[in-house]
Protein chains: 2
Amino acid sequence: MTVTVIAYHRAMGRWEPDARGRLAKAAMGLYAEQGFEQTTVAEIAARAGLTERTFFRHFADKREVLFYGTEMLRDLLTRAVADAPPSATALDAVGAAFEAACATMQENPERVRLRDAIVAANADLRERELIKLAALGAAVAGALRDRGIPDPAASLAAETGVAVFKIAFARWVSEPGQPDLPGAFRESMAELKGVLADRAPA
Amino acid sequence: MTVTVIAYHRAMGRWEPDARGRLAKAAMGLYAEQGFEQTTVAEIAARAGLTERTFFRHFADKREVLFYGTEMLRDLLTRAVADAPPSATALDAVGAAFEAACATMQENPERVRLRDAIVAANADLRERELIKLAALGAAVAGALRDRGIPDPAASLAAETGVAVFKIAFARWVSEPGQPDLPGAFRESMAELKGVLADRAPA
DNA sequence: CTCCTGATGTCAGTGACTGTCATCAGTCTA
DNA sequence: TAGACTGATGACAGTCACTGACATCAGGAG
């Protein structure tokens, strides 16, 4: 539909708000306004002043645009695991890493909550979220291995961290009054330890 | 895994081998022969002697046909959790449930391994698998709640069980000589407890 | 000025998935 | 047994996500 291509593409010598960012913003807006399924990629591209084809040059698919910050989060997690004190156990390091991640997310609570609402409303998006979380878990496991923790223990600790994070996040989202995501994570982590200490001796 | 629910639609009026089963069999075969992406739904339907439209009347999408036995597995897990002795802790009950599930899967190792190879080879299928596992975890958590275990502990124990199962299954798949899936699960579970007992007192 | 590069537009095509209506075989009822 | 009913299927058209191939166009390097 011949979108009036307003080409403020280059203003001075630099690039204006880059295409990727415009597409992501347009997508978020439309998903929030009309829902994910009701939004076509053509609409997103039009709002960004670009073509459908260009959208797919920047994002692998219609869902991926919502999982923009995952790489950043992954780097943050692996760095935090690496930076944990040598005395820390695997679970300690994992806990510290996810706490740091929680703190980062908390810097933009509205955005995080909006994104989560969009994702929660659609099954395909929930699937994508799960695989992203799994990827984060794998990255954390790798970072633990780099600390010298052998593989079964590393994977176990990482998966545990992800599981606790999921629960804490869900809890935080469900309580609009609760602003403390790192705190929610800490609590859930403590509860996990309680559950496991609770087990029967047999 | 695939042939489970043969609903002989009417006793004597008798449909031929039901459409759903034929479609599932055709799909498995084609996915194994040519790969998931290289197979079109039209091909599957043709091999089953049906139309593309009919495929989508029986399966929500092209992937779903590979996750045929999940409901059965879910029932098995929840029943096992319910049947655990009253003295069992949450983690004990979860462990017993997944061990039972492992035993069931072991009845058809080749089929399970083939299915896993197909799923592992494709990102979209891995996503679907993750959400199915998450659903199993949710079902187990529900069963724990029915046992009177409060929610954070129930979810935590269920997610832990799923995480351990994933690791044990991956290990079992990677070792063709290893026929003992329940044993692999038991071992991974024991390792988890070791990891957690290992944590620093602080 | 010209070649090269990188981002974009254009266009045609495939294939997953859906809505709708017709058909057809058994079943139930009168 | 005729006729209405039901449930599964076929036939068909349509939408839309996604891809490959090629043209274009601006800026930077030479």
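Order of the sequence lines sets the chain letters (A, B, ...), proteins ahead of strands, with each chain counted from 1. Values below: every heavy atom of this structure, side chains too, minus hydrogens, waters and symmetry copies.
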Practice item. Nearest 0.5 Å please: distance from the CD1 atom of Ile131(B) over to the CZ atom of Arg63(B). Key: 9.5 Å
Point to revise | Pairwise distance CD1(Ile149(A)) to CG(Leu91(A)) - rounded to 0.5 angstrom | key: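 That separation rounds to 10.0 Å.
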Provide, to the nearest angstrom, the distance between the [atom1] atom belonging to [X] and the [atom2] atom belonging to [N].
X	N	atom1	atom2	result
Glu52(A)	dC18(D)	CD	P	9 Å
Leu66(A)	dA17(D)	CG	C1'	16 Å
Leu30(A)	dC16(D)	CG	P	14 Å
Leu23(A)	dA17(D)	CG	P	14 Å
Arg20(A)	dT8(C)	CZ	P	10 Å
Glu64(A)	dT19(D)	CD	C1'	17 Å
Glu37(A)	dC17(C)	CD	C1'	12 Å
Glu43(B)	dT14(C)	CD	C1'	13 Å

Practice item. Go through the structure and list residues passing side chain to side chain donor-acceptor pair (under 3.5 Å) with Arg128(B), not counting sequence neighbours. Key: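 Side chain to side chain donor-acceptor pair (under 3.5 Å) list for Arg128(B), sorted by chain: Glu127(A), Asp61(B), Glu64(B).
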Check your understanding: Is the number of heavy atoms from other residues, nucleotides or ligands under 6.0 Å of Lys166(A) NZ greater than 12?
Key ->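 More than 12 heavy atoms, drawn from other residues, nucleotides or ligands, come within 6.0 Å of this atom.
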Please write out the pairs of protein N or O atoms and N or O atoms of nucleotides 12-15 of chain D separated by less than 3.5 Å, giving the distance to one decimal.
none

Exercise for review: Examine distances only and state if a side-chain atom of Arg147(B) and a backbone atom of Ala84(B) form a donor-acceptor pair shorter than 3.5 Å.
Suggested key: yes
**Study point:** Pairing residues for Phe165(B) by the ring-ring contact (aromatic ring centres under 6.0 Å, His included) criterion, not counting sequence neighbours
**Key:** Phe98(B), Phe169(B)
**Study point:** Minimum-distance nucleotide (side-chain atoms of Ala19(A) versus dA16(C), dA17(D), dT8(C))
**Key:**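 Nearest listed nucleotide: dT8(C).
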Practice item. Side chain of Thr40(B) only, please: which of dC18(D), dT9(D), dA16(C) is the nearest? Key: dA16(C)
Check your understanding: Got a sec, which pairs hit salt bridge (Lys or Arg N to Asp or Glu O under 4.0 Å) with one end in residues 48-59 of chain A, sequence neighbours left out?
Key -> none
Practice item. Using a heavy-atom cut-off of under 4.0 Å over every strand shown, decide if Thr54(A) touches base, sugar-phosphate, or nothing. Key: sugar-phosphate
Below 3.5 Å between N/O atoms, which protein atoms pair up with nucleotides 23-25 of chain D? Just atom names and distances, please.
none

Check your understanding: Taking only residues two or more places apart in sequence, or in another chain, which ones meet Arg145(A) in a side-chain contact (heavy atoms from CB on, under 4.5 Å)?
Key ->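 With neighbours one apart ignored, the set is Ala141(A), Asp151(A), Ala154(A), Ser155(A).
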Exercise for review: Indicate the atoms forming the closest heavy-atom contact of Thr39(A) with Leu30(A), along with that distance.
Suggested key: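 Looks like OG1-O, 3.4 Å.
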**Study point:** Phosphate contact (dA7(C) OP1 or OP2) by His58(A) side-chain N/O below 4.0 Å
**Key:**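 No, His58(A) has no side-chain N/O under 4.0 Å of OP1/OP2 on dA7(C).
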